[in-house]
Undergrad: 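Dumping the structure here so I can ask a few things about it.
The chains referred to below are lettered A, B, ... by the order of the sequence lines, with proteins before strands, and numbering in each begins at 1.
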Protein chains: 2
Amino acid sequence: MGQYKFHIERLRSSGLRPTKQRLAICKVLFDRKETFHFTIDKLKKTFEKGTKKKISVATLYNTVHAFKEKGYLKEISLKGNQTFFDTNTKNHHHFYDEHMSQLVDIDDKNVSINYLPKTPSGKKIKSIEVLVKIEDNN
Amino acid sequence: MGQYKFHIERLRSSGLRPTKQRLAICKVLFDRKETFHFTIDKLKKTFEKGTKKKISVATLYNTVHAFKEKGYLKEISLKGNQTFFDTNTKNHHHFYDEHMSQLVDIDDKNVSINYLPKTPSGKKIKSIEVLVKIEDNN
DNA sequence: AAAATAGATTAGAATCATTCTAATGTATTG
DNA sequence: CAATACATTAGAATGATTCTAATCTATTTT
Ligand SMILES: [Mn+2]
Ligand SMILES: [Mn+2]
Ligand SMILES: [Zn+2]
Ligand SMILES: [Zn+2]
């Protein structure tokens, strides 16, 4: 029974019911000053700590995917065995330290791409993502 | 039995033993005119067809990862539940049709990136990958 | 050159990220 | 306030990947 007004409104206006599971997840994901990157497993761990009521991992998947479909989250294209999600839904790119599994945003204003090749016939561009892999010096 | 000389040499010089499993996999992956993109599952299917002797899926994983470590293959950064590998080990980028799970190479000469942001401190750039997602027109 | 040892490789079994689906919950209708 | 339709949850199933014990191969020892 906290300050869920905003989340309830947004869920309703997206056609999603504001269940207590979804509101708890909204609180963890969106009641922050800064956006961040996460995996389902990291999200699960935040619910295991905190005396927050248990949420099934299947529900975490359902909810995160529903939020992604509604545009509250973006999925990041990365190799590796866990999917990364991003609460920053603006167009942007990433530095990625594979060794640390650490992502850092790069504003898309700071990247310019001049690609010459024509798009394969019958297709149009949907998005352009730049991933700059980094590693420790030396 | 076949013309494995080249593969045997390369494996030996990388410190990998030229087992019959590895040679069979080399033949499928590298005895071609054009490079290509594949998943472990697609590779598995090519061995299920053909009367080629059965290779355990674990061995496909072991071998593909060993080949990647030795630089015969690259892993492609994509979301989705199956990892894509690339027999094109030159620096290059991709068009990707998520709906079709279809990758097309973009030569890196055809892409120029001017990124302003400094690399996070203590880190250096390892690689830059551009993924252009495409979809059907209209 | 056979046997012993060490190290590499294979592949069945285990794991774990993700998806499926039957049960439960919620809104809408009469 | 039923009854019905639809949305949501979460335990179970799936499937991609990894683990590890058994097997194979190369090297060293006798
Ligand atoms: Mn992937
Ligand atoms: Mn991923
Ligand atoms: Zn981001
Ligand atoms: Zn490629």
Undergrad: Spell out, as yes or no, whether a donor-acceptor pair under 3.5 Å connects the side chain of B/Thr63 to the backbone of B/Leu60.
TA: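 No; zero donor-acceptor contacts below 3.5 Å.
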Undergrad: How many whole angstroms separate atom CG of A/Leu60 from atom P of C/dT18?
TA: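 After rounding, the gap between these two atoms is 12 Å.
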Undergrad: Distance check needed: C/dG25 C1' versus A/Asn62 CG, whole Å only.
TA: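 Interatomic distance, CG of A/Asn62 to C1' of C/dG25: 14 Å.
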Undergrad: With a 4.0 Å limit, can you tell me whether B/Tyr61 has a side-chain N or O closer than that to the phosphate oxygens OP1/OP2 of D/dT17?
TA: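 Yes, such a contact exists.
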Undergrad: Test: side chain to side chain donor-acceptor pair (under 3.5 Å). Region: residues 121-130 of chain B. Which pairs qualify, not counting sequence neighbours?
TA: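 Applying side chain to side chain donor-acceptor pair (under 3.5 Å) to every pair that reaches into residues 121-130 of chain B, excluding sequence neighbours, yields A/Asp97-B/Lys123, A/Glu98-B/Lys126, A/Lys133-B/Glu129, A/Asp136-B/Lys123, B/Ser77-B/Glu129.
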Undergrad: Expressed as a whole number of angstroms, how long is the span from A/Ile55:CD1 to C/dT24:C1'?
TA: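 For the pair A/Ile55 CD1 and C/dT24 C1', the rounded distance is 16 Å.
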Undergrad: Under 4.0 Å between a side-chain N/O of B/Ser56 and OP1 or OP2 of C/dT10, yes or no?
TA: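 Checking C/dT10 against B/Ser56, no side-chain N or O comes under 4.0 Å of OP1 or OP2.
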Undergrad: Does D/dT8 have its OP1 or OP2 closer than 4.0 Å to a side-chain nitrogen or oxygen of A/Thr63?
TA: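 Indeed not, no polar side-chain atom of A/Thr63 lies that close.
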Undergrad: Nearest to the A/Arg22 side chain among D/dT9, C/dT19, D/dC19, which nucleotide is it?
TA: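 Side chain of A/Arg22 sits closest to D/dT9.
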Undergrad: Could you name each residue pair satisfying salt bridge (charged side-chain N to carboxylate O under 4.0 Å, His left out) that touches residues 58-67 of chain B, not counting sequence neighbours?
TA: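 Listed once each, the pairs would be none.
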Undergrad: Could you work out which one of C/dC20, D/dT17, C/dT18 sits closest to the side chain of B/Val57?
TA: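 Nucleotide nearest to B/Val57's side chain: D/dT17.
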Undergrad: Rounded to the nearest Å, what distance is computed from the CZ atom of residue B/Phe84 to the P atom of nucleotide D/dA16?
TA: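 Between P of D/dA16 and CZ of B/Phe84: 12 Å.
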Undergrad: With sequence neighbours left out, write down each residue that passes ring-ring contact (aromatic ring centres under 6.0 Å, His included) with B/His65, or none if nothing qualifies.
TA: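 Counting only residues at least two positions away or on another chain, B/His65 forms a ring-ring contact (aromatic ring centres under 6.0 Å, His included) with B/Phe85.
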Undergrad: Find every protein N or O atom lying less than 3.5 Å from an N or O atom of nucleotides 26-28 of chain C, and list the pairs.
TA:
from   : atom 1 : to      : atom 2 : distance (Å)
C/dT26 : O4'    : A/Arg17 : NH1    : 3.2

Undergrad: Taking all heavy atoms of A/His93 and all of A/Ile128, pick out the closest pair and write down the distance.
TA: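 Looking at all heavy atoms of both residues, the closest pair is CE1-O, 3.4 Å.
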Undergrad: Within this structure, what is the CG-to-P distance between A/Asn81 and D/dC19, rounded to whole angstrom?
TA: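 It works out to 10 Å between those atoms.
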Undergrad: Partners of B/Tyr61 by side chain to side chain donor-acceptor pair (under 3.5 Å), sequence neighbours excluded?
TA: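 So B/Tyr61 forms no side chain to side chain donor-acceptor pair (under 3.5 Å) with any residue.
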Undergrad: For B/Asp31, give me all partners under side chain to side chain contact (heavy atoms under 4.5 Å, CB included), at least two apart in sequence or on another chain.
TA: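 B/Asp31 satisfies side chain to side chain contact (heavy atoms under 4.5 Å, CB included) with B/His7, B/Lys27 only.
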Undergrad: From CD of A/Gln21 over to C1' of C/dT24, roughly how many Å is that when rounded to an integer?
TA: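 Taking atom C1' of C/dT24 as the reference, CD of A/Gln21 is at 11 Å.
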Undergrad: Please give, in whole Å, the distance from D/dG15 C1' to B/Lys44 NZ?
TA: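 That distance rounds to 9 Å.
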Undergrad: Please tell me which of the listed nucleotides, D/dG11, C/dT19, C/dT9, lies nearest to the side chain of B/Leu16?
TA: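 Of D/dG11, C/dT19, C/dT9, C/dT9 is nearest to the side chain of B/Leu16.
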Undergrad: In whole angstrom, give the distance that lies between atom CG of A/Asp41 and atom C1' of C/dT15.
TA: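 Answer to the nearest Å: 13 Å.
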